Every structure is written in C-alpha cells, then in structure tokens.
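Below: the structure, in structure tokens.
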Amino acid sequence: MIIASAPAKTILYGEHAVVYGEPSIACAIDIRVKTKISESGTIEIKAKDVIKTDIDTILDRKHISMRNKGELRYVLTAIDKTFEKIGKEKTFCLDISSNIPVGVGLGSSASAVVSTISALSNFMKEPLEIKEISELAYEVELEVQGAASRIDTSVITYGGGVLVRGSDIRLIDIELPMVIGNTGITGDTGKLVAKVRERRERNPEIIDRIIASIGEITLKALDALNNKDYIKIGELMDINHGLLDSLGVVTKELSELVHVARRAGSLGAKMTGAGGGGCIIAFAPGIEKKVVSAIREIGCSSFISSISKEGVRIESDN
Ligand code: PMV
C-alpha cells in the first residue's frame, strides 16, 4: 500500500497570460490531496472529495480509456498516462481524499493528478523522478483541458514558490502568507481559457498587449517579492486583477471579495486561478486576521494560507 500527497496552490501573478508564454508566479499551500493505492483484482476508484459524487467507481482498463467522466477525467487520464510512461499496467484500488475545496482555483484537480502519478508509479515499483511527474501531470492537464500551462502542475509537484515561463520552471523563495477568500462558486478552467482565447481572436492587438502587460507585472513582482517591497507587491496585485477583468474572467462575486479585502486594509488583492468564480488572494501583512474576518462577515469562507515548502511526497509505503 502506498500513500502519496500533494499540496494546493495559489497563483500570485500571471494566470491566463501564462498560457501564452508569459511568466507567472505561484506558491504551494499547506492543504493536501492524499492518494492511497492498494492491491485489488480490479481497478477501483474512490474519489468522493474530488469529484463531488458519492458513487465509487469500479472500472476496467477499457473504461479508463473512455475518459468521459467529468472531473474524474483528470484522475483517469493520470492513470492512463502513468501506464503509458511505465509501459505496463496493473489493477489496484485508488482512494483519493482531499481537504482542498474543489473547482475554486486552488489546484484540487492538479493535486489529484500529481499525487496519483506519484502513488501509482511507486505502487508499480517504477517511481518517476520529480521532473517526470511534473511533466506528465502537465500533459494530463493539457489533454483534459485542451490548453494549459505548467504553472499548477509544477508548483504542486515541487512545492514552495515557482516562476514558470513556457517550459522553463524556476524555483523561487516565497515566504509571505496570503489571505484566501472563497466565493464558493466553481469555475471551469477549460471554458475560461477558451473564453480568453476567443476574446483575443476578436481583438488581437488589444488583448496581446494586455497579456504582455500581465507578463511585465509578474517580472516586476518577482523583484518586489525579492526586495520585500510590500507596497509594490500589493499594488501589482491590484493592477493584475484589473487586467484579468479586461480579459473577461472576473465575476461580480470576485470583485466584491477583492473590494472587501482592500477596504479592510489589504495592500493589494486579486482573483487567483482561472476565475469565473473561485478564490481571491489578498496581501495584508500584519492584519491578515482582520481581512479574514471582513470576508467571513459577508458570508464567504476565508483562511490564511501557509506556504508548503514540500511538493508531492510519499506519506507511507508498506
Ligand atoms: O487551475 P486553475 O483554475 O487555478 O487555473 C490555472 C491557471 C490558468 O492560467 C487559467 C490556466 C493554466 O493552465 O495556466
């Protein structure tokens, strides 16, 4: 029996623009998906926490290839690609448990994919290198979503902070806690990425400049993070949020949370992840609890993120 776990993540700067090759910064946060794999005569999948259904799924190899089961597609594609990479197959019981809220931009699907690849390759006694896990998880997201960058899968695999630009992944040091606010509304990453693509196709000159500006914000933010320039870190978040709004991925609820966080004294706040619902992050050094309370007062859940230095890891192997 093997248990692997992987953290959640927040994107600090650069979501959506990263799909077009611009840089993006993300950090891993300390809430985790756990994937347990044990011996079984069939392929059995229990993933209530990540697919929001109370039906356990028993599959044979043929059904795995169908990959048409909504959110379960991420896990099924991860199994398929791990089999392909290792070059053999095996039956097993896979049990995923998670305390990451699903579909709100905190990386629940990517964490399930990364922990599944790690657990399964270890279970099959062919453990993949960290770099291989990161790349395979990216291929899974690409296949399921149609378009994806490496930002989610790399930060969840490596942990800590990352700067991603195309296929280049740089590990960076981020220590700052963020306040997370959750609208409780789920967004569909694939659809939101498609929405931006369509807006870009209709207005290429304008949108290309917005995407390039988001890339510049990310690079300036990297300097600000390195220099602990708090004012700049916050201000760049605010600007990034405005540009995401112009891409069409910010909702009324996200805007409301951002404004609540700013009014409570945050130095900056923005939506995080694909948008269309989901979460915001707010930078509020020293007054994090006040911002959490302000967000909770309007009926939304909120917590202070603590950074997970560790990415994917094996929890138990016996
Ligand atoms: O997985 P989410 O919903 O947090 O969004 C990922 C960020 C995007 O830039 C919108 C997509 C991607 O693959 O980079």
Side-chain angles (χ1 to χ4, degrees), residues 6-29 31 33 50 70-71 73-75 77-78 98 100-115 134-157 162-169 178 180-200 207 210-215 217-218 240-241 243-251 253-254 270-281 305:
K9 59 87 210 190
T10 53
I11 298 180
L12 302 190
Y13 304 91
E15 51 272 269
H16 285 289
V18 69
V19 175
Y20 299 91
E22 294 296 337
S24 175
I25 296 173
C27 63
I29 58 173
I31 40 179
V33 164
V50 286
E71 289 172 59
R73 286 179 69 202
Y74 284 96
V75 176
T77 309
S98 167
I100 304 176
V102 175
V104 291
L106 298 182
S108 59
S109 309
S111 301
V113 167
V114 167
S115 60
S134 175
E135 200 55 25
L136 203 58
Y138 162 66
E139 285 172 25
V140 171
E141 287 223 322
L142 195 60
E143 185 160 321
V144 176
Q145 288 170 199
S149 73
R150 288 174 175 78
I151 190 73
D152 281 15
T153 42
S154 60
V155 75
I156 283 166
T157 307
V162 300
L163 177 95
V164 167
R165 188 183 220 162
S167 58
D168 190 39
I169 299 165
M178 295 284 159
I180 315 274
N182 185 353
T183 63
I185 299 164
T186 54
D188 180 322
T189 303
K191 282 191 189 146
L192 289 149
V193 168
K195 187 174 179 187
V196 173
R197 188 181 56 236
E198 283 154 21
R199 188 167 281 201
R200 179 170 176 258
I207 300 296
I210 292 171
I211 287 172
S213 293
I214 294 177
I217 289 171
T218 301
N240 195 165
H241 182 76
L243 293 179
L244 284 163
D245 202 359
S246 70
L247 294 181
V249 294
V250 172
T251 61
E253 293 80 7
L254 282 167
K270 65 179 273 292
M271 58 154 266
T272 182
C279 290
I280 66 137
I281 51 169
S305 73

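As the structure is a computational prediction, the values presented were derived from the model and not from experiment. Whatever order the structure lists ligands and atoms in, that order sets their numbers, starting from 1.
With hydrogens left out, the protein atom closest to atom 4 (O) of ligand 1 is K9 NZ, 2.4 Å, a heavy atom. Taking atom 3 (O) of ligand 1 as the reference point, the nearest protein heavy-atom neighbour is T189 OG1, 2.8 Å. Nearest non-hydrogen protein atom to atom 14 (O) of ligand 1 is S149 OG, 2.5 Å.
Residue V18 approaches ligand 1 through these ligand atoms, each under 4.0 Å from one of its heavy atoms: 9 (O), 14 (O). Close approach to D152 involves these atoms of ligand 1, each under 4.0 Å from a residue heavy atom: 1 (O), 2 (P), 4 (O), 6 (C). Less than 4.0 angstrom separates some heavy atom of G273 from each of these atoms of ligand 1: 4 (O), 5 (O). Of all atoms in ligand 1, listed by their number and element, those nearer than 4.0 Å to a heavy atom of I151 are 14 (O). Within ligand 1, the atoms closer than 4.0 Å to a non-hydrogen atom of A148 are 13 (O), numbered from 1 in the order shown. Annotation for ligand 1: atoms under 4.0 Å from non-hydrogen atoms of A274 are 2 (P), 3 (O), 4 (O), 5 (O), 10 (C).
Nearest-residue assignment for atom 9 (O) of ligand 1 (options M271, Q145, E22, H16; heavy-atom criterion): H16.
Contact of the T218 side chain with the L163 side chain is registered, since non-hydrogen atoms from C-beta on lie closer than 4.5 Å. Annotation: side chain of V164 is not in contact with side chain of D168 (no heavy-atom distance under 4.5 Å). In this structure, the side chains of E22 and I214 stay at 4.5 Å or more apart for every pair of heavy atoms.
For the pairing with T10, the side chain to side chain contact (heavy atoms under 4.5 Å, CB included) check across I25, L106, I280 returns one residue only, L106. Between K9 and the choices D152, T153, T272, the side chain to side chain donor-acceptor pair (under 3.5 Å) rule is met once, by D152.
Polar contact with ligand 1: absent for E15 (N/O pair, distance under 3.5 Å). On a distance-only criterion, E141 and ligand 1 share no N/O pair closer than 3.5 Å.
Every residue two or more places apart in sequence or in another chain that forms a salt bridge (charged side-chain N to carboxylate O under 4.0 Å, His left out) with E135 is listed here: R150.
The side chain of I11, and not its backbone, has at least one atom closer than 4.0 Å to an atom of ligand 1 (non-hydrogen atoms only; side chain from C-beta on). Contact annotation for V19 and ligand 1: only side-chain heavy atoms (C-beta onward) come within less than 4.0 Å of the ligand.
Residues I156 and A6 share a closest heavy-atom pair of CG2-CB, 3.8 Å. The minimum heavy-atom distance between N240 and Y13, with the atom names listed, is OD1-CA, 3.3 Å.
Between the CD1 atom in I211 and the OG atom in S246 there is a gap of 9.5 Å [rounded to 0.5 Å].
Checked by atom type, the side-chain pair Y74/Q145 shows a donor-acceptor distance below 3.5 Å.
Under the 4.0 angstrom criterion for non-hydrogen atoms, R150 is not in contact with ligand 1.
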